[in-house]
Visitor: 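The structure's right below; bear with me while I get my questions together.
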Amino acid sequence: WALDANYRHRPIIVVDTVIAEPWAFDLKTGEQKMRQHPLTGEQTPWQFLRPGHHCGAISACPQMLLMRSGFTSYYDLNDDSGIRHFAGHRLGCWINAIAADGLTLMPEASAGCLCLFPITCSVALEPRPGNQRWAIYSAGGDNTPIRHLAVNLGAPGDRRDAEGQLWIGYPRPALPGDRAAMGFSLKVDVEFLEGGGYIHRSSESEHVAGTEKPWVFTSCGRGLKRCVLPLLDKDDKGAEYTVRLYFAEMENKKANERIFDIKLQDETVLGGFDMVKESGMPHKAVVQEFKDVQVKDNLEIELVPQGRNPSSMDELPILCGVEVTRTN
């Protein structure tokens, strides 16, 4: 196998694929592995990113890449949602993450190194269903024109749902140096009311009813006033989109506490929205769908407190997620 691929580290063979960081190639033909871009649907090169300092080579099994990415890290090849970190621990400077009999075995190999980490020991990892599978996704190519987009506001990372839809966490992680170019950038223009900001809760400790993806609803932009998503380039023709907005009331136990209007493209599409009144109870998912939304370039979402200035965190408008699908 010979190919001038400008890769960053020693290639590794995984079944019939050569992983030549950050790309992948067919072992027999040398053709570059492609995948569908999560926003545009276009075919773009498969790639992955490992941010943070790393020495040592990548090891693997058919389902997973094992490596150092600042911390001990792994990449689920079946899920393909990005790199995940096991923080507080680091691998050695060569190969010492070994996939064996359903486990990942990591004998201690960092003692004596100048890189200081709090956990200096051997580690064995086993599969855990339903864990907090947050990752950092990497993709090249343009993000527009968007055919499908799912944004999870305030989420600590990226994650796929049971249907395979990739939810992009926002804000995006700050990546150092040249790693930033390999990250997945997403431009979102946001404006908060005074005292507002992003918050995140664990879906393991904060139960959310009425959904199969509670983790979408346990993070949000609280006090969000305005959110602008670029869906089309200025040279693109206008398009229609279905817009789904995701909400969950996690702070108020009764109705008439958090009430606001929802505006799309400067038009009020839902007035007097009250999550507890809508769902009948707190800690329950609410999804509001709006069809045939006309977009020329950007989608503008506004949340307007109804008839008053919010005086506490419990009254600020919130938005957990935005999902848009092009319909023409």
Side-chain angles (χ1 to χ4, degrees), residues 1 5-27 33 35 45-139 156-160 166 169 173-180 182-184 204:
W1 182 83
N6 193 31
Y7 48 87
R8 293 180 172 181
H9 215 286
R10 292 172 175 82
I12 183 170
I13 297 174
V14 182
V15 191
D16 58 356
T17 300
V18 176
I19 305 290
E21 185 181 359
W23 300 290
F25 304 86
D26 185 271
L27 176 63
K33 183 178 179 181
R35 68 179 172 193
W46 183 93
Q47 67 183 51
F48 78 99
L49 163 76
R50 53 169 169 166
H53 174 75
H54 51 265
C55 49
I58 298 171
S59 56
C61 63
Q63 301 84 11
M64 187 175 294
L65 303 179
L66 305 163
M67 70 202 83
R68 183 181 176 190
S69 172
F71 306 99
T72 295
S73 305
Y74 59 96
Y75 196 107
D76 187 331
L77 293 171
N78 293 333
D79 182 77
D80 192 27
S81 61
I83 193 166
R84 298 168 184 157
H85 295 86
F86 182 72
H89 180 268
R90 55 150 293 190
L91 299 176
C93 296
W94 189 227
I95 297 175
N96 75 297
I98 304 162
D101 198 22
L103 301 176
T104 296
L105 307 176
M106 305 174 187
E108 161 52 30
S110 64
C113 182
L114 295 178
C115 300
L116 298 178
F117 280 75
I119 303 176
T120 305
C121 63
S122 297
V123 171
L125 301 179
E126 66 176 4
R128 180 189 173 196
N131 69 336
Q132 298 286 326
R133 301 189 302 273
W134 301 109
I136 302 176
Y137 190 71
S138 173
D158 307 320
R159 187 167 174 174
R160 290 192 188 274
L166 181 68
L175 301 176
D178 63 340
R179 271 58 167 196
M182 290 298 296
F184 186 82
E204 292 187 342

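These numbers come from the heavy atoms of this one structure, side chains and all, not from hydrogens, waters or symmetry mates. Residues: numbered from 1 along the sequence shown.
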Visitor: Using side chain to side chain donor-acceptor pair (under 3.5 Å), reason through H54 and S69 one step at a time and then give a plain yes or no.
Guide: CA-CA 5 Å; H54 51 265; S69 172; 5.5 Å; no
Visitor: Distance check, rounded to the nearest 0.5 Å: M64 atom CE versus I58 atom CD1?
Guide: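 If I round to the nearest 0.5 Å, the distance is 13.5 Å.
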Visitor: Minimum heavy-atom separation for H9 to G56, with atom names?
Guide: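 Scanning both residues completely, I find the closest heavy atoms to be NE2-O, 3.2 Å.
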Visitor: Ignoring hydrogens and geometry beyond distance, is a side-chain donor-acceptor pair present between D80 and W46 at under 3.5 Å?
Guide: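 Yes.
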Visitor: Check whether any side-chain N or O of D16 sits under 3.5 Å from a backbone N or O of L27 as a donor-acceptor pair, and report yes or no.
Guide: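 Judged by distance alone, no pair lies under 3.5 Å.
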Visitor: Ignoring hydrogens and angles, write down the donor-acceptor pairs under 3.5 Å from the side chains of residues 96-106, residues two or more places apart or on other chains.
Guide:
residue: N96; atom: OD1; partner: G92; partner atom: N; Å: 2.8
residue: N96; atom: ND2; partner: P107; partner atom: O; Å: 2.6

Visitor: Is there a donor-acceptor pair under 3.5 Å between the side chain of S122 and the backbone N or O of E108?
Guide: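 Here the side-chain-to-backbone pair exists.
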Visitor: Hey, mind stepping through Q47 and S138 against side chain to side chain donor-acceptor pair (under 3.5 Å) and telling me if it holds?
Guide: CA-CA 6 Å; Q47 67 183 51; S138 173; 2.7 Å; yes
Visitor: If we ignore hydrogens and angles and just use 3.5 Å, is the side chain of R160 paired with the main-chain N or O of D79 as donor and acceptor?
Guide: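 Checking the backbone N and O of D79 against the side chain of R160, a donor-acceptor pair under 3.5 Å is found.
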Visitor: Between F71 and F117, is a ring pair (Phe, Tyr, Trp, His ring centres under 6.0 Å) present by the stated rule, with each step listed?
Guide: CA-CA 9 Å; F71 306 99; F117 280 75; 5.7 Å; yes
Visitor: Taking only residues two or more places apart in sequence or in another chain, which ones pass salt bridge (charged side-chain N to carboxylate O under 4.0 Å, His left out) with R10?
Guide: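 None.
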Visitor: Test salt bridge (Lys or Arg N to Asp or Glu O under 4.0 Å) on R128 and E204; report intermediate values, then the result.
Guide: CA-CA 13 Å; R128 180 189 173 196; E204 292 187 342; 3.1 Å; yes
Visitor: With rounding to the nearest 0.5 angstrom, report the CG to CZ distance, L66 to R68.
Guide: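 Reported value, rounded in 0.5 Å steps: 15.0 Å.
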